[in-house]
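Scroll down for the structure; my scribbles are underneath it.
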Amino acid sequence: MTVRAYATSTSCVQGASLGFVLDRPAPVAVTDATDDRVVFEGVASARRWELDIPAGWRSSLYRARFGPEEPWPFGLPGSAPCPDNEVYFVVRQAVPSSPVLVSVPFTTWQAYNRAGEPGQSIYWTESPTRAARVTFDRPGGGPPPERWEEGLMRWLRRGGYDVAYCSNLDLDDGLDLLSRHRLLIVNGHDEYWSLGMRDAVEEFVRRGGNVAFFSGNTCWWQIRLEDGGRTMVCHRDAVTDPMAAADPRRTTVEWSAAPVNRPENALTGVSFRAGAGAWGPHMPRMLEESYTTRFAAHWVFEGTGLTDGDKFGQGCLGYETDAAEFEEVGGVPRVTGRDGTPPSFVVLATADLRHWSAYGQGGMATMGVFTSGLGTVFTAATVNWGNGMRDPVVDRITRNVIDRLSAAADGGRWDVIGPPADLRALAVLGRTLYAVSADGMLLARELCGQNLPWRPVGPAEGVRGLAVPREAAGGLAVGLYGVTHDGRLLRHHEPGWREVGPAPESAIGLAVADCTFWVATSCGELWRQPFGSGAWEPAGSSGGAVALGGMNGRLFALDAEGRLLTRLPPPMRDDSEWESHVEAVPGSTFTAHAGLVIVAGRGTPLHWRHV
């Protein structure tokens, strides 16, 4: 007869004790579930038994087995579940110190526990006999037969990463825990989130924490935790949930559904609403699918050797995927934001799984990365990512994400945001980035992190510098202005240019700062013209500028050695020194806008970074 057992908590700290409840005494063996190392063997001599956790046990996911091992092969949903004599729990760090925190989805495991048994499980979704509340005080509730989380956890252990573990229930009111780490990893199938969990993680990101979702179907249902976290409530129906009238935002329906109306895209960037699913006997079809690379120059793909259009990760897609709504812009995907995906979301790879409509749910998979506040979020957008780690590309992508997002913040990184183009001037008007090409064409594209192509706007022959006033003053309106090498100040009006007045000859750069036009010349001179004055005055040295820019009342200059210089605008002629601001700028022209420096050069991809 199988011993039936459960733990009184899904986690405990190093040096504490964890209670277990058994239907009868039994031998017990505890192993580290990430490498099968046996850490304890003994006897649970009473039906209520305490396991003392030594302070030296590493933070990890553990398995306590009461009685003999029982067969538990990998399988499909609905096949043999975790045996009732196996109990999984997390040991947390007593003093959080690891840069990476891995969350284990106990809520999803418990939601599937006793699937299909009337009144015992939240499943199946459409069954009228499903339970609206289930307890953690019962056997089962371990990993599903597919072990979606196991692959990544074992890979982390083999790779020697310094990680700490927590139960995802620890994230409910878990901002203090999260704040002790730089990166949260959400792994596998983490479908059930409480309001407290979601609020804590989103605030963690806004404050500068990072999240890597190596997961899919993430944050699909809202739950409530009651009875000290030992009961999980999920009505899946606003009509039967009394909270719909008392506090609608806590109603246990899909996060995107009324009355919650809080799409999970804001947390993850993607959603199962646009994703795909292949279930039951059709699940093996996921092993046939691959991602297509859409932005190979992005840091996530560094060292993979991929180029745009290459396939990778066969078998890691499924059995459920998440996606963001996007449109193709010149052959490049760009999110629409209509589904709640943040506009900063950068599409890295896509998989067209619409043919899965014959097996379950047709849709897409969208791998990407975005920023929220001070933090960065990556999503692999698939449940099975961790079981694809044998693919060297999947391995390298995972390393790139963890290594970058778990490191100390570095605002000095240059990120690629576009393909190489030979450009001589840049400026931003609104959300549009303008450029002048070497062959004298005005080009435009959205200012964003996506690798969008340039589109031609019209001629810009002779224009050597671009600038945009931050506000109207002195009779000059906000717009796109240019300066030519032969001494003309222009303003762009679709489809051409209108001359505003003369400018210093031999101009190689234009900037606006302090309601004043500034021009750098090939002779190393700096000239100024206050708005509305109509006269140019010498203002000292340009600092050897090959390009000029302005932002927030400051002047910036890029010199021939690739250094970005800065200074406050001089009131009159002034030969004081420029100050070095950034070394090794990867380009020969630039613009500064809204806290960003955007650079380009011949044969060099478009880059940006924070000032």
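Along the sequence shown, the residues carry numbers beginning at 1. From a predicted model like this one, the values you see are computed outputs, not experimental measurements.
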Taking atom [atom1] of [X] as the centre, report whether more than 12 heavy atoms of other residues, nucleotides or ligands fall under 6.0 Å from it.
X: D173; atom1: CG; result: no
X: E328; atom1: CD; result: yes
X: R24; atom1: CZ; result: yes
X: R354; atom1: CZ; result: no

Modelled atom types, side-chain donor and acceptor of [X] and [Y], under 3.5 Å:
X: T341; Y: D339; result: yes
X: E289; Y: W356; result: yes
X: S215; Y: D190; result: no

Side-chain contact test, heavy atoms from C-beta onward, threshold under 4.5 Å: evaluate it for [X] versus [Y] and give yes or no.
X: F40; Y: V28; result: yes
X: L18; Y: S9; result: yes
X: I397; Y: F378; result: yes
X: V394; Y: F214; result: no

So salt bridge (charged side-chain N to carboxylate O under 4.0 Å, His left out) across residues 202-224, not counting sequence neighbours, yields R198-E202, E202-R262, E203-R206, E203-R207, R224-E226, R224-D241
May I ask you to say whether [X] pairs ionically with [Y], meaning some side-chain N is under 4.0 Å from a carboxylate O?
X: E264; Y: R273; result: yes
X: D170; Y: R92; result: yes
X: D162; Y: R58; result: no
X: R4; Y: D23; result: no

Parallel, tilted or perpendicular: rings of F272 and W279 (30°, 60°) = perpendicular
Parallel, tilted or perpendicular: rings of F312 and Y291 (30°, 60°) =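 Y291 vs F312 ring planes: parallel.
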Test F20 against every option in W49, Y62, Y6 by the ring pair (Phe, Tyr, Trp, His ring centres under 6.0 Å) rule and name the one that passes.
-> W49
Between W109, Y112, F106, which is the residue that forms a ring pair (Phe, Tyr, Trp, His ring centres under 6.0 Å) with H189?
->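 Testing each of W109, Y112, F106 against H189, the sole residue satisfying ring pair (Phe, Tyr, Trp, His ring centres under 6.0 Å) is Y112.
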So C448 and R334, side chain to side chain contact (heavy atoms under 4.5 Å, CB included) or not? Walk me through it.
-> CA-CA 10 Å; C448 64; R334 177 66 180 133; 3.6 Å; yes
Regarding R236 and the six-membered ring of Y123, is the cationic atom NZ or CZ under 6.0 Å from the ring centre and inside 45° of its axis?
->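 Geometry flag: set, cation within 6.0 Å and 45°.
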Ring pair (Phe, Tyr, Trp, His ring centres under 6.0 Å) with F213: which residues, sequence neighbours excluded?
-> none
To the closest 0.5 Å, what do you measure between [atom1] ([X]) and [atom2] ([Y])?
X: S372; Y: L267; atom1: OG; atom2: CG; result: 9.0 Å
X: R180; Y: L175; atom1: CZ; atom2: CG; result: 10.5 Å
X: H298; Y: L348; atom1: NE2; atom2: CG; result: 5.0 Å
X: L184; Y: S406; atom1: CG; atom2: OG; result: 12.5 Å
X: N387; Y: W148; atom1: CG; atom2: CH2; result: 7.0 Å

Walk me through it: do S17 and D52 pass the test side chain to side chain contact (heavy atoms under 4.5 Å, CB included)?
-> CA-CA 4 Å; S17 63; D52 293 325; 3.4 Å; yes
Can you check side-chain hydrogen bond (donor to acceptor under 3.5 Å, both in side chains) on R404 and N210, steps first, answer last?
-> CA-CA 10 Å; R404 174 157 174 156; N210 303 314; over 6 Å; no
Got a donor-acceptor contact below 3.5 angstrom from the T135 side chain to the R230 backbone?
->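 Yes: the side chain of T135 pairs with the backbone of R230.
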Excluding sequence neighbours, so at least two apart, what forms salt bridge (charged side-chain N to carboxylate O under 4.0 Å, His left out) with R154?
->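 Expected list: D36, E150.
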